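Owing to the predicted nature of the structure, the values given are computational and were not obtained by experimental measurement. Convention: sequence-line order gives letters A, B, ...; per-chain numbering from 1.
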Protein chains: 2
Amino acid sequence: MFQEPARDTFSHLPADKQERVLEAALTEFADQGYHQASLNRLVAKAGIAKGSLYQYFPNKEGIFRYIFQIALKSVRQTLVEVKEATQDENFFIRLEKSLRAGVRFLKQHPRIYSLYLKIQFDRQIPFRDEFLAAVRRHAGEYFGSLLRRARGRGELRPGISEPAALFLLDAVFDRFLQAAALPYLDVTLDLHQAPEETINRRIRELVDLLREGLAA
Amino acid sequence: MFQEPARDTFSHLPADKQERVLEAALTEFADQGYHQASLNRLVAKAGIAKGSLYQYFPNKEGIFRYIFQIALKSVRQTLVEVKEATQDENFFIRLEKSLRAGVRFLKQHPRIYSLYLKIQFDRQIPFRDEFLAAVRRHAGEYFGSLLRRARGRGELRPGISEPAALFLLDAVFDRFLQAAALPYLDVTLDLHQAPEETINRRIRELVDLLREGLAA
DNA sequence: AACTGATATGACCAACTGGTCATGTTTCAG
DNA sequence: CTGAAACATGACCAGTTGGTCATATCAGTT
């Protein structure tokens, strides 16, 4: 899917310089999105010359792709870890733990999460479709795997539509993280910058609703 | 919350000219978002001179605010209509009809919906917080009203957390519309440009999950 | 016809963008 | 010590942006 968008020069750089450039790039893209990101600001932040940037990467898009690859790798790793760590537990417990892991990721990597949101809602990012498809595929595989395992163990109500269930989980999960990351996006949960205890209580309430439903 | 961002001159304009300008502005902002929107393109689309635009509005932000007000009014009206039309029906039926109305709105006003998405994920839109708060408040009041009515009639499982339920509804609703409007945003439902019959089936499946839950 | 205030116009401006490139500087093998 | 390849640099470029303004045109009143 991705060919290497960085030049050899970049990989030969001293590690701390690479780090500085990647840090600056991640910050700039996460703060500004793709189009609004300014390479002039980026090089200033990284403390390198404009020309050097073009020795490391072919163009703006190349930098963006490189950053995105790193971000995606980080997400993938987290998903795998949670999946393995909860392998033998009950489905709804796994949901809770997945949500908690998501919130943790978001606090540890706020810029990666912000980058993801930017991609999601800025059409005309080059290759945006590829990027989004990759992320969604990961999420879909993750929840799909959890769902099938749960069904195999008889933890699910028979006859429910798997695509619908997958959609529901993805929607709630995604929105929960958004609400925890951004103000104004949750109606009444006040998740934004809430203490961990509050967040965990909300997670339990939500999973309870998913498990038992709303109806009397 | 909003003072009038358009100049008198604009309101004195012949209706068809106003229409042309507003059409062009809505299209440009919906397609490009706030920052990416180009006033040069806008005036070209509207068929007016650059200077004229600045006779009608004080600046770019003023145009944006004006467009947003119109869009919000349109959303508000739709919500009120659905609410009144379904007043006496069962809560879960109302949910289904709300979702269907949402999808209908989205097909009829794709640019308004796109505008909303753009606002949601572009920090640094001027007064973005005001805008988002206004939208969320409407959604929250709508679902809150439905929920309280349902509880009053004993249609809800006792003891469920209202904020959590509200969050759940808002999340599913919002994501469902997003999935219907954009490709790549739904994992497996394939709502994007799906025929109405498919969409309605998915709505029923989803509401069923919300009603009865996932657990065996 | 003459005057007047509202409206229309597009050349123009400073600021900024992504990207280039001639010219230095550093590194290191022979 | 020499030479050449790798790397660094920032002035520079064409293009675009939001916004201005002197000037022209129009509509309506006297």
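Contact check of residues 50-63 of chain B against DNA chain C (heavy atom, cut-off under 4.0 Å) returns B:K50, B:G51, B:S52, B:Q55, B:Y56.
Across C:dA8, D:dG18, C:dG18, the shortest atom-to-atom separation from the side chain of B:N40 is found for D:dG18. Out of D:dG19, D:dT17, C:dA8, the shortest distance to the side chain of B:R41 is found at D:dT17. Looking at the side chain of A:T9, the nearest of the listed nucleotides D:dT9, D:dC7, C:dG18 is D:dC7.
Stacking of B:K60 on the aromatic ring of B:Y34 is recorded, both the 6.0 Å distance cut-off and the 45° axial limit being met.
Between B:H12 and C:dT7 there is a side-chain polar atom (N or O) within less than 4.0 angstrom of OP1 or OP2.
Here the P atom of nucleotide C:dT26 and the CG atom of A:L13 are 16 Å apart, to the nearest Å. Distance A:Y34 OH to C:dT17 P: 14 Å, rounded to the nearest Å. As a whole-Å value, the separation of B:Q36 CD from D:dT17 P is 9 Å. Between B:I48 atom CD1 and C:dG10 atom P the separation is 11 Å, expressed in whole Å. When rounded to the nearest whole Å, the span between NE2 of A:H35 and C1' of D:dG15 equals 16 Å. Rounded to an integer number of Å, the gap from CD1 of B:I125 to P of D:dG18 is 14 Å. One atom, CD of B:E28, and another, C1' of D:dG18, lie 13 Å apart when rounded to the nearest Å. Atom-to-atom, CG of A:L42 to C1' of D:dT9 comes out at 16 Å; the value is rounded to the nearest Å.
Between the CG atom of A:N59 and the CZ atom of A:R65 there is a distance of 9.5 Å, given to the nearest 0.5 Å. Distance check: B:L13 CG to B:R20 CZ gives 8.5 Å after rounding to the nearest 0.5 Å.
Two rings, from B:F131 and B:F64, have their centers less than 6.0 Å apart. A ring-centre distance under 6.0 Å is not found for A:F68 and A:F127.
Aromatic ring pairs are classed by plane angle as parallel below 30°, tilted from 30° to 60° and perpendicular above 60°; the pair A:F10 and A:Y56 is tilted.
Around the CD atom of B:E196, the shell of radius 6.0 Å holds no more than 12 heavy atoms that belong to other residues, nucleotides or ligands.
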